Amino acid sequence: MIEYIIAAMFAGLLLHGIHRKVIARIQGRPGPPIWQEILHTLKFLGKESWIPKTASQGVYVAVVGISIAIWTAALMLLITQESLLLLFALYVLHKIVEHGIGLASGSPYAKFGAIRSVVSAASELPLLSSVALIYLITGSLMLRDIEAYQAINGPLLIVAFPAAVALYLVILSKIHYGPFSIVEAKEIVSGYWTEHFGVWRGLMNAAFGLKTFVLLYTFVVVFIGPIGLPLTLLAILILMITLSFVCAATPMLSPYDSVTVQTLTTGLIAIYIIYLGVFA
Amino acid sequence: MKRHYVQLIAIISGILLIVLSVAGHQDIVQVPVAAVLSIVLAPVFLISVGLLFSAEVIDGDIPFMGY
Amino acid sequence: MIDTFHIGMFAASLCIIIAFFSFMKETDDLHRLLLTDLASVMALFLIALVGTDLAEALILPGLVVTISKLMALTEIYLVKEGIQRNQPARTLDIEVLQSAPAILASILVLYGIFLSGFSGGAVAGLGVIFYIICKGHQERFELIETVSGYAWVAWIAAFFIILIFPSQWFLAVMIAGGAILIKVTAKLSLIGTMRGESDV
Amino acid sequence: MFDLNIEGAELFALPFGDIVPYFSVYSATLAAFVLIFILIAAFDRPERQLNIIFGGDAFYEKEIKEGDTRFSRFMAIACGFATLGAVLTGDIFNFTLFAVLVGITNIAIVASAGNHHVLNAAFQYGIVAMIATVPLFGAAAIILATTGTLSIWTLAGMGAVPLLAKAMLILGVMGEGIAPLYIGKAEIIRAQGAPFVLMIHFSSLLLFLRVTEIVLVI
C-alpha cells in the first residue's frame with residue numbers, strides 16, 4: 001500500500017509542476033522545471049520547523065496528519081473500489097482541514113483564508129449533485145458497479161455530461177492558481193497555510209499533491225472508465241493540461257463572484273437532476 | 001521531543017507499512033484491512049520522517065515550541 | 001384513519017404557514033423569541049398527528065430539546081440586552097403567600113409525619129420549603145446539617161438493632177422511619193434556604 | 001441485511017428490536033473522524049490570536065485565561081458527542097434529536113464569547129435553529145405516519161419514504177447545522193478559533209454528510 005501512496009504523492013507533485021510550467025508557457029514565461037514542486041517539498045522537509053507559540057498545538061499538527069490520512073483514504077478507496085459517496089465525504093472533510101489550518105495558528109492572514117474557505121462552502125455542492133446524478137443513472141455508487149456499467153454502456157462522460165462538468169469545476173476550484181482559489185489569494189499572503197512552515201508545509205504540499213492526483217484519477221475512473229494504467233495516466237495528464245489552460249487564461253474571481261459562480265452551477269445541475277428524476 | 005523517539009516511531013511505522021503492503025499483496029491480510037491500517041500509519045510515518053529530515057539542520061533534539 | 005391524518009396535516013400546514021408568516025413580519029427580538037415557541041409547538045403538533053403510542057413516546061424528548069433550546073435563547077437574550085442584573089427584590093408577590101403559609105406548611109408537615117418514611121419526608125420537606133420561601137429565611141446550614149447528621153446516625157443505629165437484635169424489629173423500624181423522615185425533610189428544606197445570599 | 005450499493009458494506013449491527021444502530025463503511029469512517037475531533041477539543045489548548053494593526057508593523061496578542069475557555073471546551077466536547085450520536089444512530093427521530101442538540105451546543109459555543117455582536121449573531125442563529133425544528137420533526141412524523149417505522153435499518157432500500165419528508169429533513173438539517181457555518185464567521189475573528197469554533201464547522205459538515213446518506217438510503 002505504501003508504494004501506491006508514495007507513488008501517487010510524487011505523481012501529484014509532478015502534475016503540480018506541469019501545471020505551473022504550462023501556465024508559465026501560456027503566459028510567455030519560461031517557468032520552473034516540472035519537478036520543481038517535488039524539489040520544493042523535499043526542501044521544506046529539510047527546513048527547521050517548530051510550532052508557533054500562539055498556535056493551538058493539537059490542531060496545528062493534527063490537520064497535517066488528517067490531510068494526509070484523508071487523501072490516503074481516498075486513494076485506498078479507489079484501489080479497493082469502494083463507495084463514491086465515501087469519496088464525497090472525504091472531500092467534504094477536506095474542508096475541515098482548510099478551516100483547521102487557518103484557525104490553528106492565530107495569524108490573521110491564515111484566519112482570513114479560513115473564512116474564505118467557509119464562505120466558499122458552496123464549492124462542495126457540485127460534487128454532491130454530480131454524485132446524485134451518477135446514482136440516478138447507474139443505480140449504484142460503488143466504483144466497481146460504475147466500472148461494470150461503463151464496460152457495458154460506454155463512458156459516463158457522454159450520458160452524465162453535466163456531472164462531469166460539475167466534477168471538473170470541483171477539481172478546478174481546488175487547484176492552485178485557479179479562478180476559484182480565493183483561499184490562497186496573494187493579498188492574504190499564502191491564505192490558510194501562511195503559518196505552516198518547514199516540515200508541516202512540506203507534508204501539506206505532499207498531501208495536496210496526493211489530492212490532485214486522486215481527484216483527477218477519480219474523474220478518469222468515473223467518467224471514462226477502466227482503460228488500463230498507461231492510458232489512465234495519459235488521460236490524467238491531458239485533464240491537468242486543460243485545467244492549466246483554464247487557470248492561465250482566467251483571472252482570480254473576487255470571493256463573492258467565486259461563490260456566486262459555484263452556487264449557480266450547482267443550481268443548474270440540481271435543476272437538471274430534478275428534471276431527470278421527475279420527467280425521465 | 002527526543003530525536004531518539006522520533007527515529008523509533010519512523011522505523012517502526014515504516015516497517016509496519018512495508019509488512020502490511022507485502023501481506024496485502026500476498027493475501028495474508030485482507031486488502032481492506034491492510035488499507036485501513038495504512039491510512040492510520042501513513043501520517044505517523046510521514047510526519048516522523050519529515051521531523052527527522054528537519055532535525056538534521058538543528059543538531060540534537062526536535063524543539064516543539066518556538067517564537 | 002388516513003383521511004383524518006390528511007385533514008390534520010392540512011390544518012397543521014396552515015398553522016405552520018401562519019407561524020412562519022409571523023416570523024417574517026415580526027422585527028422585535030423579544031417578540032420573535034416568543035414566536036419561536038409557536039414554531040416548536042407546531043413541530044410537536046406534527047408528531048402528535050400520527051397518534052400512536054410511538055408518537056406519544058416521541059413527544060416528550062421533542063418537548064425537552066425545544067424547551068432547552070428556548071431557555072438557552074432566553075438566557076442569550078437576557079445577556080445580550082444586559083437585563084439579567086436588575087432582578088426584582090421579591091419574585092413572588094402574592095397575597096396568599098404572606099398570610100397562609102403557616103397553616104398550609106403545618107398541614108403538610110403533619111401529614112408527612114403521619115406518612116413517615118421516605119415519602120413522608122418528602123411531603124414534610126415540601127411544607128418546610130413552602131414556609132421558608134414565603135416567610136423569608138436565614139442561612140442556617142449548620143443547624144440543618146447537624147439535625148440531618150443525627151438523623152443519619154439514628155438510621156444506621158436502627159440497622160444495627162435489626163442485625164444484632166432481630167427480635168426488636170419494631171423499635172428499629174420506628175427509629176429508621178423517623179430518622180429518614182427527619183433527614184429527607186432537612187435535605188429538602190436546604191433547597192428552600194438556597195436563595196443566593198451574599199455570603200453563600 | 002444492509003449491503004446497499006450506496007455506502008459500502010455493513011460492518012456491524014446491533015439489533016435492539018426496532019432500533020438498529022449499525023456501522024457501515026461510511027458511518028464508521030465518519031465516527032472515527034468525530035472521535036479524533038472530540039479528543040482534540042478535549043485536550044488541545046486554544047489558539048492565542050494575534051491582531052495586526054493594519055498599516056503598520058504593530059500587533060498584539062489577545063490574552064486567554066484558562067477559566068475563560070472552560071465553558072466553550074465543555075460545549076465543544078458536548079457538540080462532539082452529539083455529532084457522534086447523529087452519525088451513529090439508526091433511528092430517524094434520534095437523528096433529528098441529535099441534530100437539535102448539535103444546534104443547541106453550537107449556539108452555546110458561539111455565545112460563550114460574551115461579545116455583543118457575537119451574542120446578537122447567536123440569538124439570530126438560535127431563532128433560525130428553533131424554526132428548523134418544525135421541518136426536522138415534521139419529516140420524522142411524516143416518515144412515521146407513512147411507513148409505520150423510524151428505523152433506517154428497516155427503511156433502507158425500500159424507497160417508501162415520500163419525497164416531501166426527505167426534502168423537509170434536508171431543510172431542517174440545513175437550519176440546524178449549516179446556519180452556524182455563517183454565524184461562525186462573526187465568531188472566528190473575535191474568539192479563539194481552534195479548536196472550539198472549528199467544532200461548529202465540523203459538526204455542521206458531518207450532519208450534512210449524514211443526512212445525505214440517510215436521504216439516499218431510505
Side-chain angles (χ1 to χ4, degrees), chain C residues 1-2 4-6 8-9 12-13 15-17 19-20 22-24 26 29-52 54-55 57-82, chain D residues 18-19 75 82 91-94 96-151 164-165 168 172 175-176:
Chain C
M1 167 67 194
I2 290 299
T4 327
F5 178 73
H6 283 171
M9 272 299 285
S13 31
C15 295
I16 289 168
I17 288 167
F20 279 22
S22 69
F23 274 113
M24 274 166 55
E26 192 52 64
D29 274 352
L30 183 59
H31 294 174
R32 279 154 65 96
L33 183 61
L34 294 174
L35 285 175
T36 53
D37 203 26
L38 197 61
S40 70
V41 170
M42 287 301 117
L44 296 180
F45 188 177
L46 282 172
I47 300 175
L49 268 180
V50 180
T52 59
L54 184 55
L58 299 184
I59 285 178
L60 189 61
L63 195 63
V64 168
V65 290
T66 49
I67 284 181
S68 56
K69 193 168 234 178
L70 196 62
M71 283 170 73
L73 275 181
T74 316
E75 206 60 38
I76 289 175
Y77 182 77
L78 287 178
V79 178
K80 177 170 90 87
E81 300 290 325
Chain D
D18 192 27
I19 297 169
M75 275 305 163
D91 180 284
I92 292 170
F93 189 75
N94 284 359
T96 62
L97 281 185
F98 279 122
V100 176
L101 203 56
V102 166
I104 295 174
T105 50
N106 279 352
I107 300 172
I109 294 172
V110 176
S112 62
N115 179 302
H116 183 73
H117 295 285
V118 176
L119 281 178
N120 221 346
F123 183 76
Q124 302 300 340
Y125 156 58
I127 286 182
V128 172
M130 194 79 180
I131 297 171
T133 53
V134 177
L136 211 50
F137 288 160
I142 293 175
I143 292 172
L144 179 59
T146 47
T147 64
T149 179
L150 281 169
S151 166
L164 176 70
M168 278 167 83
E176 291 292 343

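Just so it is clear, the values below take in all heavy atoms, side chains as well, and ignore hydrogens, waters and symmetry mates. Order of the sequence lines sets the chain letters (A, B, ...), proteins ahead of strands, with each chain counted from 1. Small disclaimer: the values here were computed from a predicted structure and weren't measured.
With a 4.5 Å cut-off on non-hydrogen atoms, D:Phe123 touches chain C through its backbone and its side chain both. Heavy atoms closer than 4.5 Å to chain D are found nowhere in C:Phe45, neither backbone nor side chain. Of the two parts of C:Ile16, only the side chain, counted from C-beta on, holds a non-hydrogen atom closer than 4.5 Å to a non-hydrogen atom of chain D. In this structure, the portion of D:Leu150 lying under 4.5 Å from any heavy atom of chain C is its side chain and not its backbone.
Atom CD in C:Glu75 sits 12.5 Å away from atom CD1 in D:Ile107 (nearest 0.5 Å). The CD1 atom of D:Ile131 sits 9.0 Å away from the CG atom of C:Leu35 when rounded to the nearest 0.5 Å. Between atom OG1 of residue D:Thr105 and atom NZ of residue C:Lys69 there is a gap of 9.0 Å, rounded to the nearest 0.5 Å. Note that CG of D:Leu144 is 9.0 Å distant from CD1 of C:Ile47, once rounded to the nearest 0.5 Å. Atom NZ of C:Lys80 and atom CD of D:Gln124 lie 6.0 Å apart (nearest 0.5 Å). How far CG of D:Leu119 is from CG of C:Leu78: 11.0 Å, rounded to the nearest 0.5 Å.
Remark: C:Asp37 pairs with C:Ser40, C:Leu70 by the side chain to side chain contact (heavy atoms under 4.5 Å, CB included) rule, at least two apart or across chains.
Looking only at heavy-atom pairs under 4.5 Å with chain C, the residue among D:Pro135, D:Gly103, D:Ala141 that has the most is D:Ala141. In terms of heavy-atom pairs under 4.5 angstrom with chain D, the leader among C:Leu33, C:Leu38, C:Asp29, C:Ile76 is C:Asp29. Among C:Ala39, C:Ala43, C:Ala19, the residue making the largest number of heavy-atom pairs under 4.5 Å with chain D is C:Ala43.
The stretch residues 57-64 of chain C places C:Leu58, C:Pro61, C:Gly62 near chain D, each with some heavy atom under 4.5 Å from a heavy atom of that chain.
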Run the numbers on D:Phe93 and C:Leu54 for side chain to side chain contact (heavy atoms under 4.5 Å, CB included), then give the verdict. CA-CA 11 Å; D:Phe93 189 75; C:Leu54 184 55; over 6 Å; no
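The two residues D:Ile127 and C:Arg32 make their nearest non-hydrogen contact at CD1-CB, 3.7 Å.
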